[in-house]
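First up is the structure itself, then whatever we jot down about it.
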Protein chains: 2
Amino acid sequence: MNLKELSRHLGLSQTTVSRALNGYPEVKEATRQRVLAAARTHNYAANNRAKNLATGQAMATGHVIPLSSRHEMMNPIFGDFIAGAGEVYSKNGYEMILSIANDDDEARVYRDLKAKGTVDGIIVHGPKLNDDRIALLNEIGLPFLVHGRASGITAPYSWLDVNNRSAFKRATDFLLDLGHRKIALINGLETMDFAYRRRDGYHRALEERGVRSDPDIMRSDEMTEFFGYRSACEMMMLDVPPTAYLVSSIISAFGVRRAVEGAGLKIGKDVSIVTFDDALSYLRNGEDVPIFTAARSSVRDAGRRSAELLLQLIRTNNTSPLSELLEAELMVGTSTGPVNNG
Amino acid sequence: MNLKELSRHLGLSQTTVSRALNGYPEVKEATRQRVLAAARTHNYAANNRAKNLATGQAMATGHVIPLSSRHEMMNPIFGDFIAGAGEVYSKNGYEMILSIANDDDEARVYRDLKAKGTVDGIIVHGPKLNDDRIALLNEIGLPFLVHGRASGITAPYSWLDVNNRSAFKRATDFLLDLGHRKIALINGLETMDFAYRRRDGYHRALEERGVRSDPDIMRSDEMTEFFGYRSACEMMMLDVPPTAYLVSSIISAFGVRRAVEGAGLKIGKDVSIVTFDDALSYLRNGEDVPIFTAARSSVRDAGRRSAELLLQLIRTNNTSPLSELLEAELMVGTSTGPVNNG
DNA sequence: TGAATTTTCCAAAGCGCTTTGATAATTGCT
DNA sequence: AGCAATTATCAAAGCGCTTTGGAAAATTCA
């Protein structure tokens, strides 16, 4: 069933039917009801492609997932971010288009998205230091919002980020307050902006207290469970092993936990663990009592909010960039305690 | 830049330019090269909406993610599945459209996808027992492929599934061979087809050996880490606790591990654990030596293969349904050993 | 009651592409 | 050279919608 058929069926012009369906005022209420009823019974809905062609809007947003061919890693936070964003999109009648791009042809993906008019706006995932995608997108001229930020980029752009620096500063302070001085940092890949900022927060906290940072107890890699496990295993072999671990992802934190418990140590007593917690739906940090003391910020909320901001950018075209900084919340669990230099 | 401008610029008709771009034979090679070069320099690509309107194809597939409002759970395997599928789509010039649907309006989402012509085909995620979406989609008449199956549905449909029953039968046999008789089952929600089949495989193995199944050591829920932890904690309090755990997800398996180690027991010695392993990219089951003995089947591969099958369904319309059954591979790790009735 | 509004509806153009049916330019053959 | 066959190009219709610029019908006002 298409508009022509429906309107003929109703004995009305396409114009009137279209207007009735789209809520324009210049159609009699009785007529509108008649049209709506007919549309419902015939299961009619305006063809998307035709509608979008006529209006010049794609009514879709793009999420480009960079998938480095080396790591073949799907960011675990991705699912929840998408869930949050998707909620907002569907509420606003937007489709969400996902593109998987290996990093070598990512630029082409963005260019195509623009040239083909597939989307009205883009969310950029996983920004790196000096990320060149920002310049590219500014040049292309498609509204976009970065989930995270890109240190080193001076050009203006819209972003939504968690305050990673303050979260890690705060977490480190918390451990320092408990008397810890050997605090390991199990961080994400430090080419990624979030990881860079987290390390910075960690450093600043140490510096403020005059604690020297020790490269032997700092690691940076893809945040798998195994990475946490391996890192902790290695560090426990040191002459002076860490008394506390600050971990960038709850997944790796589980790995650290496994290593520590495997070594027969008691968490929260012999060794403390603090982690960043994205509040992933399938990796909840405990139910009532948090498993880990954690700096928590829901990535699902971030997804929701990012989508809202992007839609705003699309609607109010070429205004000045938008940005929003979310603060993580420190939740004290059972994985931390006073230093034990037993 | 659009086709009209480009063709005027080249001094050719739209027809010729369009044909040159789309690889039709009735255009001189020299002309084609000239057109391609111009398209490249002007960064021209055919507008998607217009092209799809003209051809009547959406060149897009839909992935509908059911998100029950109760659980608010994003399936952790989703990211990797999508990564696999997306690879295939982009290779074939298809877009991937994600819709998040709360279960109450899921039917509407499918109907809309068809009525609006947004997609050419759909992948159905998370099939339940007697899943009524299958009848719905058959009625709607949009090509679709189910990732998984729906026991109880007799109507024909296309699917791709792992042999969950044989995987869990095999895993249970493995534990029985090691002498275990108290084998706990930490399963997913048994309204979900995969979990139902897994339990069935487990039961069959027990039955074959004349081991009575014990409801006290069977649990079924969303497969979070905490669920595994809690279940194992509770079971270890039983008069006769399990000597082995068969777990439906590596995430819950980590929870079981945490509980077991928290109780001071040694995994692979005091207690055995076997898990299903979807080979999630951020939750690798160890690097060389598997952490857990596991029935393994890559969900990324499943995503790739599902996409291929769906495209096949779309291209060769209304042929008989396609299906494919993948076998999981049992990988022996360090988490299992002979029963220890200490 | 008739003119001036206002309300309700419509025909037709246009969005940017593909594709059909025809024409113009080449080539091959005798 | 002259005609048929082939190759290369084009004008125009059509995909299903929105929207502009009117026109017809209903209502208001004097």
Side-chain angles (χ1 to χ4, degrees), chain A residues 1-36 38-39 42-60 93-95 112-120 142, chain B residues 1-36 38-39 42-60 93-95 112-120 142:
Chain A
M1 171 73 57
N2 62 21
L3 184 61
K4 196 200 272 183
E5 287 161 27
L6 184 66
S7 50
R8 184 158 38 214
H9 179 83
L10 281 160
L12 289 169
S13 74
Q14 297 193 33
T15 311
T16 304
V17 175
S18 171
R19 292 210 148 132
L21 257 20
N22 291 311
Y24 282 77
E26 52 270 78
V27 45
K28 188 161 51 170
E29 193 50 32
T31 311
R32 184 194 310 284
Q33 290 309 327
R34 202 158 64 88
V35 170
L36 286 175
H42 292 83
N43 225 315
Y44 170 82
N47 180 289
N48 244 314
R49 297 185 292 282
K51 180 169 195 159
N52 295 342
L53 178 59
T55 58
Q57 295 199 278
M59 292 305 281
Y94 274 74
E95 306 288 346
D112 270 17
L113 247 25
K114 166 69 175 188
K116 296 186 179 172
T118 314
V119 301
D120 296 321
L142 208 51
Chain B
M1 169 76 55
N2 60 22
L3 184 62
K4 196 199 273 183
E5 287 161 27
L6 183 66
S7 49
R8 182 156 40 212
H9 180 83
L10 280 160
L12 289 169
S13 73
Q14 296 192 34
T15 310
T16 304
V17 176
S18 171
R19 293 207 149 133
L21 255 21
N22 291 311
Y24 282 77
E26 52 270 78
V27 45
K28 189 160 50 168
E29 195 49 35
T31 311
R32 185 195 309 286
Q33 291 310 329
R34 202 160 63 90
V35 171
L36 287 174
H42 292 83
N43 224 315
Y44 170 83
N47 179 289
N48 243 314
R49 297 185 293 283
K51 179 170 196 158
N52 295 343
L53 178 59
T55 58
Q57 295 200 279
M59 292 305 282
Y94 274 74
E95 306 287 345
D112 271 16
L113 246 26
K114 167 68 174 187
K116 296 185 180 170
T118 313
V119 300
D120 296 322
L142 209 52

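Keep in mind that what you see is a predicted model, and the values were worked out from it rather than measured. Letters A, B, ... mirror the listed sequences (proteins, then strands); counts begin at 1.
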Phosphate OP1/OP2 of D:dC17: any A:Tyr44 side-chain N/O under 4.0 Å: yes
side-chain contact (heavy atoms from CB on, under 4.5 Å) between A:His9 and A:His42, worked out: CA-CA 10 Å; A:His9 179 83; A:His42 292 83; 3.4 Å; yes
Distance in angstrom units between B:Glu5 CD and C:dC15 P, rounded: 11 Å
Distance, rounded to the nearest Å, where A:Leu12 contributes CG and D:dA24 contributes C1': 15 Å
Whole-Å gap separating C1' (D:dT7) and CD (B:Glu29): 14 Å
Value rounded to 0.5 Å, distance of CG in A:Asn52 from OG1 in A:Thr118: 11.0 Å
Phosphate contact (D:dA11 OP1 or OP2) by B:Thr15 side-chain N/O below 4.0 Å: no
Short side-chain N/O contact to C:dC10 OP1/OP2 from A:Thr16, under 4.0 Å: yes
Per B:Ala46 side chain, nearest of listed nucleotides C:dC10, C:dC17, D:dT18: C:dC17
Presence of A:Lys51 side-chain N/O under 4.0 Å of D:dT18 phosphate oxygens OP1/OP2: yes
A:Ser13 vs C:dC10: side-chain N/O to OP1/OP2 distance below 4.0 Å: yes
Pairwise 5' ranking along DNA chain D for A:Ser18 and B:Ala54, keeping only the more 5' one: B:Ala54
Interatomic distance, A:Gln14 CD vs D:dT18 C1' [rounded to whole Å]: 10 Å
Gap between atoms NZ and C1', on A:Lys4 and C:dA11 respectively (whole Å): 13 Å
A:Asn22 vs D:dT18: side-chain N/O to OP1/OP2 distance below 4.0 Å: yes
Touch class at under 4.0 angstrom, heavy-atom based, for A:Arg19 against every strand present: base
Rounded distance in Å - CE (A:Met1) to P (D:dC17): 11 Å
Sugar-phosphate only, base, or nothing, as touched by B:Thr55 at under 4.0 Å among non-hydrogen atoms: sugar-phosphate
Result of checking A:Val35, A:Leu36, A:Leu3 against A:Tyr44 for side chain to side chain contact (heavy atoms under 4.5 Å, CB included): A:Leu3
Evaluation steps, salt bridge (Lys or Arg N to Asp or Glu O under 4.0 Å), between B:Glu5 and B:Arg8: CA-CA 5 Å; B:Glu5 287 161 27; B:Arg8 182 156 40 212; 5.9 Å; no
Test item: B:Asn22 side-chain N/O and B:Tyr24 main-chain N/O as donor-acceptor pair under 3.5 Å: no
Atom pair distance, as rounded to whole Å: CG in B:Leu53 and P in D:dG14: 14 Å
Side-chain N or O of A:Lys28 closer than 4.0 Å to phosphate OP1/OP2 of C:dT8: no
B:Tyr24 side chain near C:dT18 phosphate (N/O to OP1/OP2, under 4.0 Å): no
Integer-rounded Å distance: D:dT18 P and A:Leu6 CG: 12 Å
